[in-house]
Amino acid sequence: MIRVVVVDDEALVRSGFELILRTVDDIDVVATASGGQALDRIAQHTPDVVLLDLRMPDVDGLTILRELRRRPNPPAVAILTTFDSDKHVAAALGAGAAGFLLKDTDPHQLPHLIRTLAKGGVVLSPAVTRTVINGYLDGGARKAAAAPLRLLSERERAVLTLVAEGLSNGDIGGRLHLSVGTVKDEVSAILAKLGVGNRVQAALLAQRAGLVD
């Protein structure tokens with residue numbers, strides 16, 4: 001069972017996500033919270049995945065995200081956004097966000113996206129991917145964008161391509177016939193060579209470089 005906490009300042013958004021996710025058997029929305037309640041609720045319920053709004057009046061979502069990333073065994077955090085051109089995108093990527101979801105994501109897609117997050121995969125709603133890429137790269141990651149992909153080995157490029165497609169380490173290992181430990185080592189090497197801090201940043205650069213659509 002995948003445990004999920006939804007954090008948003010709008011009760012309608014929280015209840016909407018909760019209703020959608022409760023229609024499937026393997027996902028349990030263990031709590032919903034506004035920004036001020038978020039850290040206590042998350043500590044209490046220890047979710048696998050947190051859906052987090054950045055723009056909240058009581059507590060800034062970035063503050064919550066950074067605090068979660070400092071904790072041992074933090075949950076995967078996907079940012080909820082309307083994505084009009086969010087100035088916090090680069091900061092959220094740098095703080096370790098596992099992806100971005102539109103608040104009007106197709107309800108039929110949402111359970112799959114949650115499962116991907118729970119397995120350690122990357123989630124980027126198709127409608128916002130280009131905006132994320134352009135906004136993030138234009139916001140200070142030009143150096144990372146110019147990282148020489150030619151330094152990656154053939155296997156590292158294959159792993160990076162699958163990371164960019166949102167696969168977890170276990171799924172990548174199954175696809176390439178590698179152990180999960182080997183995939184972890186490959187991902188660490190890729191991040192170091194590309195000069196990025198997490199899988200989402202690597203996925204965005206792979207898309208920018210044309211490794212995936």
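Scope of the values below: all heavy atoms of this structure, side chains included, with no hydrogens, waters or symmetry mates. Values in this document were obtained by computation on a predicted structure and should not be read as measured data.
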| Are L68 and L39 close enough, and set up right, to give a side-chain contact (heavy atoms from CB on, under 4.5 Å), and what steps lead you there? | CA-CA 8 Å; L68 291 176; L39 290 174; 4.0 Å; yes
Distance check, rounded to the nearest 0.5 Å: [X] atom [atom1] versus [Y] atom [atom2]?
X: L162; Y: R157; atom1: CG; atom2: CZ; value: 12.5 Å
X: E10; Y: L80; atom1: CD; atom2: CG; value: 10.5 Å
X: S153; Y: L160; atom1: OG; atom2: CG; value: 10.5 Å
X: N169; Y: S179; atom1: CG; atom2: OG; value: 10.0 Å
X: L151; Y: E156; atom1: CG; atom2: CD; value: 9.0 Å
X: I64; Y: Q37; atom1: CD1; atom2: CD; value: 10.0 Å

| said: Pair V5, L51 - check side-chain contact (heavy atoms from CB on, under 4.5 Å), show working. | reply: CA-CA 6 Å; V5 169; L51 304 182; over 6 Å; no
| task | Let me know which of L110, V29, I114 forms a side-chain contact (heavy atoms from CB on, under 4.5 Å) with F17. | result | L110
| Taking P111 as the fixed residue, which of D25, V24, T116, I2 is the one that meets the side-chain contact (heavy atoms from CB on, under 4.5 Å) rule? |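 Of D25, V24, T116, I2, side-chain contact (heavy atoms from CB on, under 4.5 Å) with P111 is met by V24 alone.
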| request: Inspect the surroundings of CZ in R175 and state if more than 12 heavy atoms from other residues, nucleotides or ligands are less than 6.0 Å away. | output: no
Any donor-acceptor pair under 3.5 Å linking the side chain of [X] with the backbone of [Y]?
X: D8; Y: D53; answer: no
X: S188; Y: K184; answer: yes
X: R3; Y: H45; answer: yes

| query | Cluster question for you: counting only ILVMFWY and a side-chain heavy-atom cut-off of under 4.5 Å, with indirect links fine, are L191 and L194 together? | reply |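 Hydrophobic grouping puts L191 with L194.
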| request: Tell me whether L178 is reachable from I172 by hopping between hydrophobic residues (I, L, V, M, F, W, Y) whose side-chain heavy atoms are closer than 4.5 Å. | output: yes
Validation row: [X], [Y] side chains within 4.5 angstrom (heavy atoms):
X: D48; Y: P75; result: no
X: N198; Y: Q201; result: yes
X: V30; Y: R41; result: no
X: L54; Y: L62; result: yes
X: I42; Y: P47; result: yes

| In terms of side-chain geometry, is the basic nitrogen of E18 or R22 positioned less than 4.0 Å from the acidic oxygen of its partner? |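 Salt bridge between E18 and R22, a charged N being under 4.0 Å from a carboxylate O: yes.
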| Is the closest basic N to carboxylate O distance between R14 and D9 below 4.0 Å? |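 Looking at D9 together with R14, the answer is no, because their closest N to O distance does not fall below 4.0 Å.
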What pair of heavy atoms forms the shortest contact from [X] to [Y], and how long is it?
X: I79; Y: A97; answer: CG1-CB, 3.8 Å
X: V163; Y: A203; answer: O-CB, 4.3 Å
X: A98; Y: L117; answer: CB-CD2, 3.8 Å
X: A95; Y: R69; answer: O-CG, 3.0 Å
X: M1; Y: I27; answer: SD-N, 3.5 Å
X: L52; Y: G61; answer: CD2-O, 3.4 Å

| field | Pair R55-D60, side-chain contact (heavy atoms from CB on, under 4.5 Å): steps then yes or no | value | CA-CA 6 Å; R55 300 177 180 181; D60 179 70; over 6 Å; no
| said: Working note: V7 + T32, criterion side-chain contact (heavy atoms from CB on, under 4.5 Å); need CA distance, chi angles, decisive distance, verdict. | reply: CA-CA 6 Å; V7 179; T32 64; over 6 Å; no
| message | Could you walk me through whether S168 and D171 satisfy the side chain to side chain donor-acceptor pair (under 3.5 Å) test, starting with their C-alpha distance in whole Å, then the side-chain angles of each, then the deciding distance to 0.1 Å, before giving a yes or no? | response | CA-CA 5 Å; S168 67; D171 291 336; 3.3 Å; yes
